[in-house]
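Here is the structure we will look at.
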Amino acid sequence: GVVFQIWCVLWIALYGAGLAPFSAFMKNEQMRLIPAKGQFVLAYEWRDYGDISDNLKKAVVSSEDAGFVEHDGVDWDAIDVAKKRNARKGKIVAGGSTISMQLTKNLFLSSNRSYLRKAEEVVMTYAMEWMLPKDKIFELYLNSVEWGEGVFGAQAAAQHYFKVDANKLSAQQAAKLAVMLPAPKFYDANRKSRNLGRRANVILRRMGGAQIPDDEGI
């Protein structure tokens, strides 16, 4: 476990220095698609933070982690709410993960839900928040998060769903992409879902007050 933590910290340092990640989630999806569909290449194209629409940044913060700019990587109140929800359901159905925690999971861990994996996620998230500025964490997240079957990152998602570049996404388009994040494969296959449109409208109303990091390390 200690060796794994050190290995992750070294990779965080490399990402901070400019290395574009090929995350654990990307590797798992590639391994799934090769035998299933003979697809070797994922839809993935890196975009610097300033080349991603502020609409998408505000939409993702509004949908996934409203306190992203202010917290230290872990929202303990959200985790407590998730624990109570899990107790009511009798199984793990929520995790209370912040954007930073989701990034840690995507880069290094698996989609398996357990309290041990959550503990690993918390430790590595604090390391990431200590080593990298918020705008870099958000840049890594927006470039590595899954947005559909074999689709990763803002640029690939913008092209896949709307045939535009990531810096050209409208507020409505960005809101729809943000709504897709918890279940990207489902929405990829159900793009006309009424729930997608309803939830996108909710995100649109929240976007005006969303706080996002700037590109100067704040």
Side-chain angles (χ1 to χ4, degrees), residues 23 25-26 28-29 32-33 36-37 39 42-45 47 52-69 75 77-103 105-106 110-113 138 141-212:
S23 71
F25 269 44
M26 291 179 186
N28 291 340
E29 180 69 352
R32 185 188 70 83
L33 289 173
K37 298 189 175 182
Q39 181 178 333
L42 302 177
Y44 172 57
E45 188 176 349
R47 282 292 182 271
I52 299 173
S53 168
D54 281 355
N55 286 325
L56 184 61
K57 297 168 190 172
K58 291 178 180 179
V60 170
V61 164
S62 298
S63 178
E64 296 294 299
D65 185 4
F68 174 63
V69 171
D75 186 340
D77 290 336
I79 290 176
D80 187 52
V81 170
K83 286 173 64 177
K84 291 175 180 177
R85 184 180 174 192
N86 295 337
R88 289 196 301 270
K89 295 289 186 179
K91 59 182 179 180
I92 299 177
V93 296
S97 293
T98 63
I99 284 173
S100 300
M101 292 172 72
Q102 290 180 48
L103 175 60
K105 178 186 67 178
N106 292 347
S110 71
S111 59
N112 295 330
R113 291 181 170 182
F138 205 17
Y141 177 86
L142 291 170
N143 275 287
S144 61
V145 72
E146 183 182 30
W147 249 303
E149 186 172 63
V151 179
F152 288 85
Q155 175 64 14
Q159 287 285 323
H160 184 67
Y161 292 105
F162 305 114
K163 308 301 181 187
V164 300
D165 286 336
N167 63 348
K168 301 295 184 182
L169 286 164
S170 69
Q172 180 71 42
Q173 291 169 338
K176 286 185 176 181
L177 288 179
V179 170
M180 292 177 186
L181 285 173
K185 289 188 177 72
F186 171 81
Y187 285 116
D188 194 0
N190 298 274
R191 302 187 191 188
K192 295 183 179 180
S193 166
R194 291 182 180 180
N195 185 53
L196 177 60
R198 286 195 298 265
R199 293 187 63 190
N201 288 334
V202 173
I203 298 303
L204 271 171
R205 292 193 292 271
R206 295 177 182 173
M207 285 168 60
Q211 291 182 288
I212 59 174

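As the structure is a prediction and not an experimental result, all values here were calculated from the model. In what follows, residues are counted from 1 in the order of the sequence shown. Values below: every heavy atom of this structure, side chains too, minus hydrogens, waters and symmetry copies.
We find the CD-OG distance between Glu29 and Ser23 to be 10.0 Å, quoted to the nearest 0.5 Å. One finds the OH atom of Tyr187 at 14.5 Å from the CH2 atom of Trp147 (value rounded to the nearest 0.5 Å). Met207 contributes atom CE, which lies 9.5 Å from atom CG of Asp54 (distance to the nearest 0.5 angstrom).
Contact of the Tyr44 side chain with the Gln155 side chain is not registered, since no non-hydrogen atoms from C-beta on lie closer than 4.5 Å.
Formation of a donor-acceptor pair under 3.5 Å by the Asn106 side chain with backbone atoms of Ser144 is not found in this model. Checked by atom type and distance alone, the side chain of Ser63 never pairs as donor or acceptor with a backbone atom of Ala59 at under 3.5 Å. Put simply, the side chain of Glu45 never gets that close to the backbone of Ala156: no donor and acceptor are under 3.5 Å apart. Using a distance-only test at 3.5 Å, with no hydrogens or angles considered, a donor-acceptor pair links the side chain of Asp65 to the main chain of Ile99.
Counting all heavy atoms, side chain and backbone alike, Gln211 lies closest to Val61 at O-CG1, 3.6 Å. The shortest non-hydrogen separation linking Leu56 to Ala154 is CD2-CB, 3.5 Å. Residues Arg191 and Leu196 come closest through the heavy atom pair O-CD2, 3.5 Å.
Here Gln102 pairs with Glu64, Ser97, Tyr141 under the side chain to side chain contact (heavy atoms under 4.5 Å, CB included) rule; sequence neighbours left out. Val164 meets the side chain to side chain contact (heavy atoms under 4.5 Å, CB included) test with Ala158, Phe162, Lys168, Leu169, Gln173; sequence neighbours excluded.
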Q | Steps toward salt bridge (charged side-chain N to carboxylate O under 4.0 Å, His left out) verdict (Lys185, Asp188) | A | CA-CA 5 Å; Lys185 289 188 177 72; Asp188 194 0; over 6 Å; no

